[in-house]
Amino acid sequence: MTPEDWIRPAHLDAARKAQHEIAARAETADRLPEAPALVAGVDCAGAARGAPDRVRAMAVLLGAEARSRPLATGLAEGVPAFPYIPGFLGFREVPFVLEALAKLPQRPELILVDGHGVSHPRGCGIATHLGVVLDLPSIGVAKSVLVGRVEGELGLEAGSTAPLVWKGRRIATALRSKRGVQPLFISTGHRVSQDRAVRLVTEWLAGYRLPEPTRLADKLAGEARLAAKEGATLL
DNA sequence: GCGACAG
DNA sequence: ATCTTGTCGC
């Protein structure tokens with residue numbers, strides 16, 4: 001039974017408290033299959049400018065083979081209870097992501113999330129949030145830094161890595177997923193170690209900056225948003 | 001007090 | 001996240 005405050009806290013203080021509770025339950029050691037064959041990627045798209053604040057969550061389920069052909073997709077949308085506040089992204093998107101994941105025919109063995117895991121002020125980024133609530137292995141795949149700084153030199157070649165450090169701790173790994181692109185920041189979400197997280201993300205790359213699960217979720221969420229916009233125009 | 005600040 | 005055409009580089 002997950003506390004309602006973990007999903008829909010009434011206030012920012014309750015949200016902050018929930019993050020501390022979730023972070024305390026996050027596992028940073030590997031507790032997942034040797035080779036996850038069912039991986040889900042999730043991402044959210046917002047409403048167009050001027051339109052009322054809405055969130056559209058897309059969940060994509062991929063199998064170990066045919067990684068560019070989703071086995072299934074789940075879509076959910078609605079009005080978020082939280083505005084976007086750096087450090088509190090989960091309370092805005094998690095409700096819809098849970099709904100989108102529930103529409104998948106099977107429970108994934110691993111979830112790749114667009115955003116940070118433990119590389120967060122309170123060790124509770126959206127990937128950790130989702131992972132703990134669902135008690136599923138999860139990894140944070142962020143496109144920019146929230147806290148901390150990259151130490152050392154990050155090579156320009158694909159596969160290069162460098163630690164993201166904050167308060168003397170390595171909280172994530174900067175990964176050059178493709179030559180010539182800005183790095184990704186990979187962090188433990190839940191039940192996956194930092195090093196394993198980087199290996200898994202690397203294994204699910206397919207020539208693009210983002211790993212397939214997240215890349216497809218991002219693309220499909222965007223397409224669904226455009227489709228909705230067209231529909232609204234026709235009405 | 002000032003600057004930073006996932007999506 | 002979103003607003004947006006052309007353009008520079010592999």
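So that the names make sense, note that chain A is the first sequence line, chain B the second, and so on, each numbered from 1. Model, not experiment: these values are computed from the prediction.
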Grab the [atom1]-[atom2] distance between [X] and [N] for me, whole Å please.
{"X": "A:Gln182", "N": "B:dG7", "atom1": "CD", "atom2": "P", "value": "12 Å"}
{"X": "A:Leu156", "N": "C:dG9", "atom1": "CG", "atom2": "P", "value": "16 Å"}
{"X": "A:Leu146", "N": "B:dG3", "atom1": "CG", "atom2": "C1'", "value": "15 Å"}
{"X": "A:Phe91", "N": "B:dG7", "atom1": "CZ", "atom2": "P", "value": "18 Å"}
{"X": "A:Met58", "N": "C:dA1", "atom1": "CE", "atom2": "C1'", "value": "16 Å"}
{"X": "A:Trp166", "N": "B:dA4", "atom1": "CH2", "atom2": "P", "value": "17 Å"}
{"X": "A:Leu184", "N": "B:dA6", "atom1": "CG", "atom2": "P", "value": "15 Å"}
{"X": "A:Leu89", "N": "B:dC5", "atom1": "CG", "atom2": "P", "value": "16 Å"}

How is [X] classified with respect to the nucleic acid when contacts are heavy atoms under 4.0 Å: base, sugar-phosphate, or nothing?
{"X": "A:Val55", "answer": "nothing"}
{"X": "A:Phe88", "answer": "base"}
{"X": "A:Gly87", "answer": "base"}
{"X": "A:Arg92", "answer": "nothing"}

Taking the side chain as every heavy atom from C-beta outward, state whether A:Val165 and A:Arg149 have any atom pair closer than 4.5 Å.
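No - every pair of side-chain heavy atoms lies 4.5 Å or more apart.
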Toward the 5' end of DNA chain C, which comes first, A:Arg179 or A:Asp218, by nearest nucleotide?
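The residue whose closest nucleotide sits nearer the 5' end is A:Asp218.
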State plainly whether the residues [X] and [Y] are in salt-bridge range, i.e. N to O under 4.0 Å.
{"X": "A:Asp218", "Y": "A:Arg215", "result": "no"}
{"X": "A:Lys143", "Y": "A:Asp114", "result": "yes"}
{"X": "A:Asp135", "Y": "A:Arg191", "result": "yes"}

[X] side-chain proximity, nearest of [options]:
{"X": "A:Lys143", "options": "C:dC3, C:dA1, B:dA6", "answer": "C:dA1"}
{"X": "A:Pro86", "options": "B:dA6, B:dG7, C:dT2", "answer": "B:dA6"}
{"X": "A:His116", "options": "B:dA6, C:dT2, B:dG7", "answer": "B:dA6"}

Stacking between A:Tyr84 and the base of C:dA1 (centre distance under 5.5 Å, interplanar angle under 30°)?
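No.
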Any donor-acceptor pair under 3.5 Å from A:His190 side chain to A:Glu27 backbone:
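Answer holds: yes.
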Within the structure, does a side-chain N or O atom of A:Ser144 lie under 4.0 Å from either OP1 or OP2 of B:dC5?
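No, no such contact exists.
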